[in-house]
Amino acid sequence: MRRLGAGPVHFRRVGRADRALVLLHGLASNGSRWNELIRNSSLAKRWTVLVPDLRGQGSSVVREPIRSEDWVADLAAMLDQEGFADCVIGGHCLGANVAARFALRFPERVRGLILIEPMVAETLSGALAMLARARGLLGPLTAAVLAANRLGLRRRSLPTLNLEQLDRETRRKMAEGRDRQALTRRYGSPLHDLRYVPVASYLQSLRETVRPMPPWNGLRASTLVLLSSGSRFGDCGRTQSLLRAIPSHSIAVVEAEHWIHAEEPQALRLHIEHWLGSLETVDADD
């Protein structure tokens with residue numbers, strides 16, 4: 001695990017290629033989200049893969065105000081530190097939104113963009129839709145939690161969440177037919193999430209997850225969009241319609257509820273490898 005300067009942000013660097021692929025995890029997650037993909041693909045042979053734990057989560061625990069702009073700044077600093085002028089950047093869920101915000105803030109630094117289940121505020125449903133409407137309440141609630149942290153009211157240590165192991169265990173239980181609710185209980189439960197993430201970081205990540213995005217037509221990089229067919233958090237059809245505003249895009253729908261990494265890891269790998277191969281061909285022709 002490497003460290004960004006002397007600060008709290010930690011990340012892994014895998015591979016020795018002269019081009020960078022940055023992969024961002026989602027809400028209440030960490031960089032182990034990408035372990036299985038990296039291990040079972042050829043990505044690290046063709047790219048230097050940079051996998052951060054976003055500020056506030058995983059090994060990058062902080063108890064301070066955090067916004068998407070802070071994550072974007074951290075990513076730019078990470079690329080600078082590791083010697084890359086540009087990258088392909090991708091993410092899942094909240095990480096997809098952060099990747100898109102990075103591409104909007106630094107278009108000259110993004111050669112390609114991979115959005116896996118981006119959270120489009122206009123299409124959210126269920127609890128997340130309600131949360132989006134009440135998003136303004138998360139600010140005061142977070143401020144109260146941070147104030148309590150400064151008074152010493154906080155957990156001194158947090159367990160480490162190994163998402164590669166969790167994914168495998170969940171797939172095994174689902175295959176055995178013993179645990180039909182494995183996905184929602186393990187991946188869609190705030191109580192489960194809060195075991196591994198500081199409360200303030202979780203609240204702020206929720207706020208950023210449901211935060212409306214700038215217009216999607218502002219993205220200039222070639223973009224791969226992977227969406228789940230399920231409607232766990234939003235309407236797939238409406239999401240596709242809105243994301244078609246991206247000038248250069250390819251959209252694929254995977255038969256999954258939301259957690260494509262856990263449900264369809266091979267489909268995820270094949271889509272990403274094929275799209276990156278096409279991007280490499282275009283770069284070579286240029």
Side-chain angles (χ1 to χ4, degrees), residues 12 14 21 23-45 49 51 53-54 57-59 90-96 114-120 123-128 158-197 202 205 209 224-237 239-240 250-277:
R12 287 186 298 125
V14 184
L21 172 63
L23 297 174
L24 308 178
H25 61 78
L27 171 69
S29 185
N30 60 59
S32 69
R33 162 49 64 221
W34 303 99
N35 286 0
E36 187 172 17
L37 174 66
I38 295 171
R39 190 186 317 280
N40 295 331
S41 72
S42 61
L43 295 182
K45 296 178 181 178
V49 187
V51 185
D53 285 357
L54 293 174
Q57 302 188 47
S59 299
H92 171 250
C93 188
L94 169 63
I114 302 172
L115 306 179
I116 305 169
E117 282 291 275
M119 305 304 286
V120 180
T123 72
L124 295 177
S125 61
L128 279 185
L158 295 165
T160 300
L161 176 61
N162 184 326
L163 283 154
E164 181 180 16
Q165 179 180 345
L166 179 64
D167 289 350
R168 288 176 174 170
E169 291 175 354
T170 301
R171 283 197 297 270
R172 177 176 55 80
K173 291 185 177 182
M174 292 178 65
E176 293 172 351
R178 294 191 295 109
D179 193 350
R180 290 295 180 184
Q181 302 302 317
L183 277 173
T184 54
R185 187 169 62 251
R186 288 167 172 79
Y187 301 98
S189 167
L191 292 178
H192 181 271
D193 293 341
L194 285 168
R195 292 175 55 194
Y196 305 98
V197 182
Y202 184 74
S205 296
T209 298
L224 170 65
V225 179
L226 295 179
L227 300 175
S228 295
S229 59
S231 56
R232 172 71 184 175
F233 295 119
D235 184 283
C236 179
T239 299
Q240 288 185 70
S250 174
I251 298 178
V253 178
V254 178
E255 291 295 324
E257 188 65 26
H258 172 74
W259 300 277
I260 297 175
H261 299 78
E263 299 172 78
E264 295 292 341
Q266 183 175 2
L268 175 73
R269 176 181 62 81
L270 291 174
H271 277 297
I272 291 177
E273 286 186 331
H274 176 75
W275 184 81
L276 284 173

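FYI, the numbering just counts along the sequence from 1.
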Is any side-chain heavy atom of [X] closer than 4.5 Å to a side-chain heavy atom of [Y]?
X    : Y    : result
D167 : R33  : yes
L166 : L163 : yes
D235 : S125 : no
N30  : Y196 : no
F233 : S228 : no
V225 : T239 : no
C236 : V253 : yes

Check whether the side chains of N35 and R12 place a donor and an acceptor atom closer than 3.5 Å, and report yes or no.
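Looking only at side-chain atoms, R12 and N35 do form a donor-acceptor pair, the distance falling under 3.5 Å.
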
Quick one: do the E164 and S32 side chains pair a donor with an acceptor below 3.5 Å?
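Side-chain D/A pair, E164 to S32: absent.
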
Working to the nearest 0.5 Å, report the span between [atom1] of [X] and [atom2] of [Y].
X    : Y    : atom1 : atom2 : result
S42  : I272 : OG    : CD1   : 11.0 Å
L94  : T209 : CG    : OG1   : 4.0 Å
Q57  : L161 : CD    : CG    : 10.5 Å
L268 : W34  : CG    : CH2   : 6.5 Å
E36  : S41  : CD    : OG    : 10.5 Å
Q266 : I260 : CD    : CD1   : 14.0 Å

Determine the interplanar angle of the H261 and H92 rings, folded into 0 to 90°, and report it as parallel if under 30°, tilted if 30 to 60°, perpendicular if over 60°.
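Rings of H261 and H92: perpendicular, as their planes differ by over 60°.
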
Measure across [X] and [Y] and return the closest heavy-atom pair with its distance rounded to 0.1 Å.
X    : Y    : value
A44  : I38  : CB-CG2, 4.4 Å
A28  : V197 : CA-CG2, 3.7 Å
H258 : E263 : N-OE2, 3.1 Å
P118 : A96  : CA-CB, 3.7 Å
G26  : S29  : O-CB, 3.2 Å

List the steps, then state whether side-chain contact (heavy atoms from CB on, under 4.5 Å) holds for I251 with L227.
CA-CA 8 Å; I251 298 178; L227 300 175; 4.2 Å; yes

side-chain contact (heavy atoms from CB on, under 4.5 Å), that's the test. Do M119 and L27 meet it? Break it down for me.
CA-CA 11 Å; M119 305 304 286; L27 171 69; over 6 Å; no

Give me the one residue out of R172, R171, Q165 that meets side-chain hydrogen bond (donor to acceptor under 3.5 Å, both in side chains) with E169.
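Option passing the side-chain hydrogen bond (donor to acceptor under 3.5 Å, both in side chains) with E169: Q165.
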
Determine, step by step, whether L37 and R269 satisfy the side-chain contact (heavy atoms from CB on, under 4.5 Å) criterion, reporting the C-alpha distance in whole Å, the side-chain angles of both residues, the deciding distance to 0.1 Å, and the verdict.
CA-CA 6 Å; L37 174 66; R269 176 181 62 81; 3.8 Å; yes

